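First comes the structure, then the notes that go with it.
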Amino acid sequence: MLFNSFSFLIFFPVVTLIYFLLPRKTRWLWLLVTSYYFYMNWNAEYALLLAASTGVTYGCALLIGRLDDRKKRKAVLVAGIVFNIGMLAYFKYTGMLVEIINRACALIGVTARIPPVDILLPVGISFYVFQALGYMIDVYKGRVKVERNLLRYALFVSFFPQLVAGPIERSGRLLRQLAEPHDFEWKRVRDGLLIMMLGFFEKVVVADRACMYVDSIFGGWAEASGAQIALATAVFAVQDLCDFGGYSHIAIGAAKVLGIELMTNFRQPYFAHSVQNFWARWHISLSTWFRDYVYFPLGAGRGSKLRKSFNIMVVYTLSGLWHGAALKYVAWGMLNGAIQVVEGLMPVRRPRHPKAHHVLSVLRTDFLILITMLVFRAGSLLTAVQMLVKIPMHWGAQAMATGFSPMQALCLGVSIAVLFAIEVIHEKRLSLTELTDRLPVLARGALYLLAVMAIIIFGVWGPGYSAQAFIYFQF
């Protein structure tokens, strides 16, 4: 079930209404049932994988909590990690592994081939596996207590707002909230709905319209000019932010309506002054997951600069591989890591003009991020290289027809300008609710109604509307 589908617009109000009507002690059970229903709307059979990951990590954590022997505890932890990563690897990387083996055989002259496999990737598996593994590791490290209630732990893994595309929550934060009763509070519900409204604006007004232009250029890049490729890359950067950021805002807002606070997953990433700072603002839940469970265990920044650089490259190579079973994703991750390594080796100097230096740093960071975005979006690593070469070499070439009308371009431009204004407000540590609260009640209500109407009118719906899937569902 997609957030931007008519089914969800029925599902969520019904779930919320019944949730607050039920006795406080049973509300979390209702969330568990509805979360599994939400997930099974994609593929009912794959709910067994969700249950398997839940059951294994629950059992391993329970055993770790009971064992005193350090070696046995570690063995149980490793077994739980191997099972979950093995399950993830089978569904996500089998096809890539078969292709690598076949290519290697061709290089050495072996004619035998492994038949290609077509395994349907379970939606959200990369997210809920990492969330479950984080809990198990935290129990092993003594950061959280063992959750002995299997059903409550199952809700932690399957909580529907953030189940299929994050944020990847920590057990110490989410499990506690799920155990607490939450009553209806008008201000909290209103704030949650406003956050959801922002997410819908980002997704159906900005991202889905940007997708129309981006797909036309990247799909026919051989006929496009260098200027079109550069523009499409910049538009994709906005699309990617609004698509994934939109999902995160809808998830955070929906959870807030139910009384649950999820972590911020995006914080104005295109205002970052370095690539390292960009990753402190982009997909924060994944960045911090890799920091806490991979980078720190590797030694973080301790030791020599060479060791720190190696640790950074390991983290971002794994991050690239997490995003997809393709060489371009690995290259994308390594490129992000390499840029951060170079940034870390650059001497730190006090600028003469701090404001101008900051602006230039932001522009430089965005330029570097756009290069990585092109690699991320291109059909393959080879295609990405060819497109990068074509941008300066064929800048003024004959532009291809995109089918993107001037009215569509105007609508997209205005919506991006509105988004930029919202990002500036958030960068100044203000929230939309704080600003709207300063208005009289009638003006505030009129503004809310206007925002809803704008999403309905300018959103990409169209006749025979079929909800556009979120980009990160493929990961």
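Any value given below was found using the heavy atoms of this structure, including those in side chains, with hydrogens, waters and symmetry copies removed. Computed from a predicted model, the values in this text were never measured in an experiment. Along the sequence shown, the residues carry numbers beginning at 1.
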Geometric class of the Tyr247/Phe3 ring pair [parallel <30°, tilted 30-60°, perpendicular >60°] | parallel
Do side-chain atoms of Arg209 reach the backbone of Phe458 as a donor and acceptor pair under 3.5 angstrom?
-> yes
Are Tyr316 and Trp279 close enough that their ring centres sit under 6.0 Å apart?
-> yes
Considering only heavy atoms from C-beta outward, does the side chain of Leu432 approach that of Met197 to under 4.5 Å?
-> no
Without swapping roles, check the side chain of Asn311 against the backbone of Tyr295 for a donor-acceptor pair under 3.5 Å.
-> no
For Tyr448, does the OH atom have more than 12 heavy-atom neighbours from other residues, nucleotides or ligands under 6.0 Å away?
-> yes
Any ring pair (Phe, Tyr, Trp, His ring centres under 6.0 Å) pairs touching residues 88-123, not counting sequence neighbours?
-> Tyr46-Phe91
Side chain to side chain contact (heavy atoms under 4.5 Å, CB included) with Arg438: which residues, sequence neighbours excluded?
-> Leu430, Leu435
Considering residues, nucleotides and ligands other than Met87, do more than 12 of their heavy atoms fall under 6.0 Å from its CE?
-> yes
Under 3.5 Å, side chain of Arg291 to main-chain N/O of Phe296, donor-acceptor pair present?
-> no
Phe127 and Phe244 aromatic ring geometry - parallel, tilted or perpendicular at 30°/60° bounds | perpendicular
Might you confirm whether atom CD of Glu423 has over 12 heavy atoms from other residues, nucleotides or ligands at distances under 6.0 Å?
-> yes
When you check the gap from the basic side-chain N to the acidic O, do Arg377 and Asp240 get nearer than 4.0 Å?
-> no
Residue of the set Val129, Leu49, Leu50 for which side chain to side chain contact (heavy atoms under 4.5 Å, CB included) holds with Pro122 = Leu49
Flag if over 12 foreign heavy atoms under 6.0 Å of CE, Met1 | yes
Min side-chain heavy-atom separation Gln131-Leu174 under 4.5 Å = yes
Glu343 side chain to Gln276 backbone, donor-acceptor under 3.5 Å | yes
Phe12 and Phe38 aromatic centres sub-6.0 Å | no
State whether the side chain of Lys92 and the backbone N or O of Trp322 hold a donor-acceptor pair below 3.5 Å, judged by distance alone.
-> yes
Determine yes or no for a side-chain-to-main-chain donor-acceptor pair under 3.5 angstrom, with Lys328 supplying the side chain and Ala384 the backbone.
-> no
Check: Glu169 side chain, Met263 main-chain N or O, donor-acceptor pair, under 3.5 Å | yes
Not counting sequence neighbours, list each pair that qualifies as a ring pair (Phe, Tyr, Trp, His ring centres under 6.0 Å) and has a residue in residues 395-418.
-> Tyr213-Phe404
Verify salt bridge (charged side-chain N to carboxylate O under 4.0 Å, His left out) between Glu434 and Arg429, making sure each step is shown before the conclusion.
-> CA-CA 10 Å; Glu434 288 174 340; Arg429 299 294 189 269; over 6 Å; no
Indicate whether any N or O donor in one side chain lies under 3.5 Å from an N or O acceptor in the other, for Glu427 and Gln268.
-> yes
For Lys203 and Asp243 the tightest heavy-atom approach is NZ-OD2, 2.7 Å
